[in-house]
Amino acid sequence: MATIAPIHGTPELSERRVNYLNVEHGWKSWLFTTDHKRIAILYLISITLMFFVGGLMAVLFRINLLEPEGIFAPETYNRLFSAHGIIMVFFFLVPSIPATLANFLIPIMVGAKDLAFPRVNLLSWYIYVVGALLTLYAVIRGGVDTGWTFYAPYSSTYSNSYVLAAAFGVFTAGFSSILTGLNFIVTVHKMRAPGMTWSRLPLFVWSNYATGLIQVLGTPVLAITLLLLAFERIAHVGIFDPNIGGDPILFQHLFWFYSHPAVYIMILPGMGVISEIVSCFSHKRVFGYNFVAFSSMAIAVLSFVVWGHHMFITGESMYTSLAFSFLSFMVAVPSAIKVFNWTATMYKGSISFDTPMLYAFGFIGLFTIGGLTGLYLAALGTDVATHGTYFIVAHFHYVMVGGMVMAFVGGLHFWWPKMTGRMYPEAWAKFAALIIFLGFNLTFFPQFILGYLGMPRRYHAYPPEFQALNVLSSAGASILGVGYVIPMIYFLWSLKYGKRAGMNPYDARGLEWTIPSPPTTFNFDTTPVVTQEAYDYGELEEVVG
Amino acid sequence: MSAHEVAIPKVKTLVLVWAALICFTALTTWVASFEFGEWNIVIALLIAVTKASLVVWIFMGVRHVTTLTRLFVVAGLVWLFIMILLTASDYKTRNWTYQAQPWANNPAHGLSR
Amino acid sequence: MAETLVPAGQEELEAQETHLRHHFATPEQQTDAATLGMWTFLITEVLFFGGMFTAYAIYRTMYPGAFASTSEFMDVRLGGANTAVLICSSLTMALAVRAAQLSRRKDLIRFLILTMIFGTVFLVIKGIEYHAKWVEYKVPGFRFTYEPSYYFHHAQILFSLYFYMTGMHAIHMVVGLGLLTYLVIQAWRGIFHARYFAPVEMIGLYWHFVDIVWIFLFPLLYLIGHKR
Amino acid sequence: MWANLSLLSDLQLFPVAASAQAGSIDGLYWWLTIVSGVMTFLIFLFIVIFAWKYQRKPGVKATQIEGSTKLELTWSILPFFVMLSFFWWGAKIYYAAQNPPKNAMEVFVTGKQWMWKIQYPDGSREINALHVPVGQPVKLTMASEDVIHSFSIPAFRVRHDVVPGHYDTIWFTATKAGHYHLFCTEYCGNEHANMIGWVDAMEPREYANWASGGGGGGDLVTQGQQLFQQNGCSTCHLLDSQGRCPNLRGLYNHPVQLADGRTVLADDAYIRESILDPNAKITAGFEPNIMPVFKGQLSEENVIQLIAYIKSLSPTTPASQQGERLQRPVVLAPQGKNGAIKTGASPIVPAQR
Ligand code: HEA
Ligand code: HEA
Ligand code: CUA
Ligand SMILES: [Cu+2]
């Protein structure tokens, strides 16, 4: 580390510089690293693998749905969508942005050398890997067929698939999520550089801080719930068993106490990414910084009081349903605030259409649609007609794939130069963004219609009149699949052949753009002293009434 | 709380707290042998909360920590409370729809049969 | 990271003494982070046990009779004794932290070992209780029997909860004993002193937390409906 | 598969609405769609305008704007009020869905991996098929033998989970005669997708035609009465005097004082529990543990029959729920059918577990 180049070196100088990637070599230097940036890369590789496994499952069962009678045996189909849901949620989307981009960026953004607990950070990756292996083991041994929701008593008593291995896999992955969240919380509280006040934090940090709170407060409940389920399955007696007076609905309460907030784990970090991107490519500070930051916290808190909206028609009490419905509309307000503020940020900006910005457009559009259809589900009357149908499948893919995955891929493009020191090929990237956007809508928009027509989810076979829309959807899925493969290829390509990126290729603001790309192991030679607001793109000129 | 200005508790304080905790244990056991109906559980929980507070406040040193840490301590409990409260609200009100009216549901006098 | 470029000066010495890790600016920052991290971890523990407490609350209001009747099978004397044992262990733990703060190495080791002894006694008593349950066929799923038999079903739920809750608690105790062993070794090696005792304090917090869980388990599982 | 281009010809975009409540749910649905459409359009419009108008031009700098509290409050409070309209409308529909009218005809549904068993008050039974008259409110009381299922008729926009250990109810009034899908919409195992069937909504005349003949074994009450004898209920529960057992006459729909001080209403769910797990709630004044536990002895269908019988002993039972007596529309032409199973939409062999 003796050869650290001056921070503000020219791009040319920084080419041969020692950075976190080339400071040490060999697999040991990766597997035993405590550098948050290297751990982020480890995570990036693992979750990408899981994404492709999950995506492959989706492709397979979309093929099955081309024919009304189905093509595979029902057992196969059920195992496919269960594995798809479990892998995509717990092993891809929950860790996606937090464990990769945020892991990489939060210490840099707050001006620290590392997260508060670097070894815990590494531990969380190992735990993740163990969980993923357990789940993959379950999938390979014959699969799990409970859906990602593991509802009792089917999962505890009736299913004869590998529920235990999968449940333990998810249980394990939960701890990795908890540790990530814990690390972020402590880092944001205790590791900020001098001058980095709360009101100067990048919004990406705010949203990941809020995510951390959800991870810490929610995930343990999932852990204990799955454990209770596992005991019940092992001992053949337990507390959810209706045969001895247990109530299966209690399982759902406990499950959704985590899993509803978890859907915000799966969107808040994405919202943070979009705030950064929109501001950077509008070259303008974020409109209503305080409101955007505050709405993240509001979402985090309110997310814990709406879980019952998944149970409106399960036999949950009518009065409780009323309360949960009302609260669900409250949690939609902070999301709305964000959408409006992103739009307002563009007003009088200086907008350029680089690839990340295209993804941000995609996010705003698709998240809005996904979020608004969430309102159909939160309204008691329409939920009765849509629960358990493809309407819900469409809703959550719009927010999760159209929202979070878009944000993730967009953020990956945005910070790729910072992480690797290379630029991606812009033309290809724009092309891929377009393909993904089109493929996505073709896949999932027909599902809204299917859902209201009544096609139930988790069906391997369906009445023939639904075929046309299903074929459309499957066609879209293959386009979408291709769309995801393109970035994969050019990202790998760019590692070797990409144009070298300077310190700040987009002329963005934020501490991460003041250090070389890729950064050195300790990020900063000397702890930076922050004297500016976030998004300081110029003098404040105008205050709207 | 930072490392250089640690507040070192007095042995006397610690032992006193210990004695109080033991007394409360005896108390809660003793009270439980009376029949107060639903109040039994209320009393038992009140005593448990008192005991827990003593441990948190003195043994775990929360009286010396920053407001931030205190906020975190409270947050855990508030979230637990949310979970229990909203779940219980479901179970408590489930039969209201089909029952006459829960608040009018006095012990049945003179069943008409 | 081990390589130090500048010869060890005053600052490095201090950093070594306080086990300051490279990414922290000051020992204070390090301790603060550890404290906040530990409390955050304890929050997760609250909610972990909270899942079981919620289930308990629901089923207790659903089946009050059955739940009250099970207290007959709960040994209040053993449970009470265990409560006392744990409270004692909490005291010795607090004293251990104090000893570390005052750099009293011998005292520290002494109190840590005392804490471990109390912890072990707790587990032994718990073991006796578990054994009694086993002998009385009160382990759900393993030839469970129950008198009065009309509570058979619902008592099973309570006993499931009993084993889940006390079992989880016992596992936490075992983990705590492991951590204490680590502390004793470190204390033996003279690592802790007035300028560096965070691990003792953190593990102390954990230990007290486990104690608190029991403070709630005792009345809920043993005393409710308990009649002499 | 591409050969099948006729697919597009039967492309359907909106479901038929064949029940009274479908209309109001569709109304809310369109209201939501309009609001969503407008909001989405506005947001897209602004983005496009801004992107167009403020695209990066050399020499033109962005104008830095702090934000505006007034605007923020406007666009959080106004949408919230709009959302309250969703809440209010939805709540009204939901409230109605939870409160079946008193004169509803009762049908009983038992879900089981992987079939729906339907029982009518007249004692006849069907599998995976439900016949209902148009214009008559129908209330379904549903139980599950194993896992959670969900009973859904998209054309009627009704759906409710069927949870083991619960009695769940839905109700609807069919308004359009027709042949409609019946789905299970809660994942319940391998053949979840085959736990489907048909609902036939028939004009009252046709329905009466279809329904005539009744079940071979008499109506539900008679069947229940037989079970009451066979299972020895009658040895304890004498119908005229009260010995060691409560008299079941007049029990239904009355509050019952329990031994532990609580009071519960003797509704279907209570009676079901009293039969399957008698000791869960002990009636005040009686000893626990006298009545045998019938869990495992009686199927959910049998329980439904017994409940029908017990209900028939009570004068306060709404007329519509007293078996075949008042409910049957006038029989027009005997059909001579008397099998217990009338139709089976898809011949599904229940898998053995
Ligand atoms: C990233 C994940 C994510 C996100 C962010 C959301 C966001 C929301 N979800 Fe979604 N949801 C899921 C993932 C997600 N959901 C999943 C995975 C399921 C299915 C689980 C399963 O069963 O397998 C599900 C299911 C689900 C249900 C249960 C349906 C059922 O099973 O019956 C409900 C019901 O209320 C619901 C509601 C909502 C609401 C109200 C929001 C809100 O937060 C949305 C807020 C956003 C907006 C509203 C858009 C922006 C606002 C404006 C542009 C303002 C203008 C608006 C007006 C003027 C009205 N969701
Ligand atoms: C977190 C996120 C996430 C993501 C990213 C996705 C991504 C996709 N999902 Fe996912 N989905 C869920 C979460 C997610 N899903 C959940 C939680 C469920 C509920 C499960 C349950 O019911 O329990 C579900 C259920 C679900 C269903 C309903 C199944 C059913 O109920 O029967 C469908 C149906 O179309 C579907 C489709 C897709 C498709 C087409 C994609 C695509 O976006 C995938 C695109 C990716 C690829 C295609 C992989 C990359 C490409 C290759 C490997 C190359 C080879 C492929 C080709 C050349 C075509 N999903
Ligand atoms: Cu029954 Cu799905
Ligand atoms: Cu939700």
Side-chain angles (χ1 to χ4, degrees), chain B residues 1-11 13-15 17-19 21-22 24-26 28-29 31-35 38 40-41 43-45 47-56 58-62 65-66 68-70 72-73 75-77 79-81 83-84 87-88 90-92, chain C residues 18 26-32 35-36 39-40 42-47 49-51 53-55 57-58 60-62 71 76 79-80 83-84 87-88 90-91 93-95 97-98 101-102 194-198 201 204-205 208-209 211-212 215-216 218-220 222-228:
Chain B
M1 173 184 51
S2 31
H4 40 204
E5 28 154 307
V6 263
I8 300 170
K10 293 201 196 76
V11 177
T13 326
L14 296 180
V15 173
V17 170
W18 171 81
L21 289 173
I22 295 285
F24 275 125
T25 309
T28 190
T29 319
V31 172
S33 58
F34 296 97
E35 189 62 65
E38 276 303 297
N40 275 95
I41 179 120
I43 296 170
L45 281 179
I47 295 180
V49 168
T50 318
K51 283 163 77 180
S53 313
L54 274 176
V55 175
V56 170
I58 311 285
F59 281 177
M60 298 172 91
V62 166
V65 302
T66 56
L68 173 70
T69 313
R70 282 186 204 163
F72 272 59
V73 178
L77 299 176
W79 254 250
L80 175 61
F81 185 68
M83 174 159 65
I84 295 182
T87 311
D90 172 19
Y91 286 85
K92 275 284 160 198
Chain C
T18 55
T26 58
E28 288 74 47
Q29 191 189 24
Q30 174 160 340
T31 329
D32 277 6
T35 315
L36 186 63
W39 277 105
T40 314
L42 292 184
I43 293 182
T44 69
E45 290 279 22
V46 169
L47 283 143
F49 280 98
F53 279 109
T54 308
I58 298 302
R60 206 195 95 82
T61 40
M62 249 188 197
S71 66
V76 177
T83 315
I87 290 174
C88 295
S90 255
L91 173 69
M93 190 69 229
L95 288 169
V97 175
R98 187 181 129 87
Q101 287 168 335
L102 295 170
R195 309 241 318 113
Y196 180 67
F197 55 85
E201 208 182 356
L205 287 181
H208 293 309
F209 170 78
D211 181 20
I212 291 180
I215 287 180
F216 283 95
F218 173 60
L220 289 182
Y222 292 77
L223 296 181
I224 305 295
H226 161 71
K227 296 175 199 85
R228 217 177 289 268

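Per chain, numbering begins at 1; letters A, B, ... match sequence-line order. Since we're looking at a predicted model, the values are computed, not measured.
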Can you tell me how far the [atom1] atom of [X] sits from the [atom2] atom of [Y], to the nearest 0.5 Å?
X      : Y      : atom1 : atom2 : result
B:I43  : C:L223 : CD1   : CG    : 11.5 Å
C:I215 : B:L54  : CD1   : CG    : 8.5 Å
C:L42  : B:F72  : CG    : CZ    : 12.0 Å
B:I8   : C:L102 : CD1   : CG    : 4.0 Å

Has C:R98 got a side-chain atom pairing as donor or acceptor with B:P9's backbone, closer than 3.5 angstrom?
yes

Partners passing side chain to side chain donor-acceptor pair (under 3.5 Å) against C:E45 (at least two apart in sequence or in another chain):
C:H172

Please classify the contact of B:I58 with chain C as side chain, backbone, both or neither, using a heavy-atom distance under 4.5 Å.
neither

The interface call for B:V31 against chain C, heavy-atom contacts under 4.5 Å, is neither

Interface residue of largest heavy-atom contact number with chain B, from C:L95, C:I87, C:V46, under 4.5 Å
C:I87

Please state whether the side chain, the backbone, both or neither of [X] comes within less than 4.5 Å of a heavy atom of chain B.
X      : value
C:I58  : side chain
C:L91  : both
C:T61  : side chain
C:I212 : side chain
C:M93  : neither
C:F218 : side chain

Decide yes or no for [X] and [Y]: does some side-chain heavy atom of the first lie under 4.5 Å from some side-chain heavy atom of the second?
X     : Y      : answer
C:T83 : B:I22  : no
C:W39 : B:M60  : yes
B:V56 : C:H208 : no

Can you sort out the partners of C:F216 under ring-ring contact (aromatic ring centres under 6.0 Å, His included), two or more places apart, ordered by chain and number?
none

For chain C, which candidate among B:T69, B:I41, B:V17 shows the most heavy-atom pairs at distances under 4.5 Å?
B:I41

If I compare all heavy atoms of B:I84 with all of C:A57, which pair ends up nearest, and what's the gap?
CG2-CB, 4.3 Å

